[in-house]
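Okay, structure first, notes after.
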Amino acid sequence: MVFGRHFALTALGLAIALLSGCATTQVQTATAAKRLERRAAAFASRFCSEHGAACGSNRYLPAARSFADQAHGFRSAVENDSDQQVVMAFKNLWLKYHALRDEICRSRDRRLRADLKPTAQAFVDVQILVENGYSYADPTVYAMGGYTLDPYYN
């Protein structure tokens with residue numbers, strides 16, 4: 001009888017720890033997603049405001065705005081959608097980030113590259129949280145045996 005109660009209490013404790021771990025991951029990811037959204041929007045708006053009238057014709061602005069829009073969509077997915085939808089939103093975010101980063105890296109403008117660094121760090125923070133907290137929700141993980149060969153997780 002004592003063994004049964006001890007087992008039930010242990011199982012209950014493990015369930016609570018598991019649920020609190022999931023909630024912590026979601027809260028941390030939501031916080032990181034908000035930070036990324038703010039930094040991406042600031043990068044796009046700063047980029048536009050610094051160049052004044054040339055804003056509409058600047059070649060980097062569409063990629064910056066597209067990434068900022070995707071960062072907003074990712075934050076919304078983290079706050080409102082299922083874990084699989086978060087993973088899919090991250091895949092789209094990853095594509096937009098790399099398109100923006102590639103555009104900026106091809107430029108010879110060091111200041112522009114430096115301006116991207118806070119956004120890049122926020123993206124890396126989100127990437128780590130998605131890799132560690134949502135791997136079970138990504139169907140490609142099972143097909144590949146893990147993230148080691150997947151470029152958007154490395």
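In plain terms, the two heavy atoms of Gln85 and Asp81 that are nearest each other are OE1-CB, 3.1 Å. Of all non-hydrogen atoms in Phe67 and Lys96, the two that sit nearest each other are CD1-C, 3.8 Å. The two residues Leu36 and Ala71 come nearest to each other via the heavy atoms CG-CB, 4.2 Å. In terms of heavy atoms, Ala89 sits closest to Ala77 at CB-CB, 3.7 Å.
Taking CZ of Arg108 as the reference point, atom CZ of Arg113 lies at 9.0 Å (rounded to 0.5 Å). Distance check: Arg39 CZ to Asp125 CG gives 7.5 Å after rounding to the nearest 0.5 Å. With rounding to the nearest 0.5 angstrom, the NE2 atom of His72 is 14.0 Å from the CZ atom of Arg38.
Between the side chain of Thr31 and the backbone N or O of Val27, at least one donor-acceptor pair lies under 3.5 Å. Here the side chain of Arg35 pairs no donor or acceptor atom with the backbone of Ala122 at under 3.5 angstrom. In this structure a side-chain-to-backbone donor-acceptor pair under 3.5 Å is present from Ser45 to Ala41.
A heavy-atom distance below 4.5 Å is not found between the side chains of Asp115 and Asp109. Inter-residue side-chain proximity for Arg106 and Asp102 is flagged as met; some heavy-atom pair is nearer than 4.5 Å. Within the 4.5 Å cutoff, the side chain of Val130 has no heavy atoms near those of the Leu93 side chain.
Residues Val86 and Leu129 do not share a hydrophobic cluster, defined by chaining ILVMFWY side chains whose heavy atoms lie under 4.5 Å apart. Phe43 is connected to Leu95 through a chain of hydrophobic side-chain contacts under 4.5 Å among Ile, Leu, Val, Met, Phe, Trp and Tyr, so both are in one cluster.
Taking the six-membered ring where tryptophan is involved, the planes of Phe74 and Phe90 are perpendicular, since the angle between them exceeds 60° and thus also 30°. Taking the six-membered ring for Trp and thresholds of 30 and 60 degrees, Tyr97 and Phe123 have nearly parallel ring planes, at less than 30 degrees apart.
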- Task: Could you check Gln26 against Tyr134 for side-chain contact (heavy atoms from CB on, under 4.5 Å), going step by step and ending with a plain yes or no?
- Result: CA-CA 9 Å; Gln26 200 272 340; Tyr134 292 88; 3.9 Å; yes
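Annotation: Arg110, atom CZ; neighbour count of heavy atoms from other residues, nucleotides and ligands within 6.0 Å does not exceed 12.
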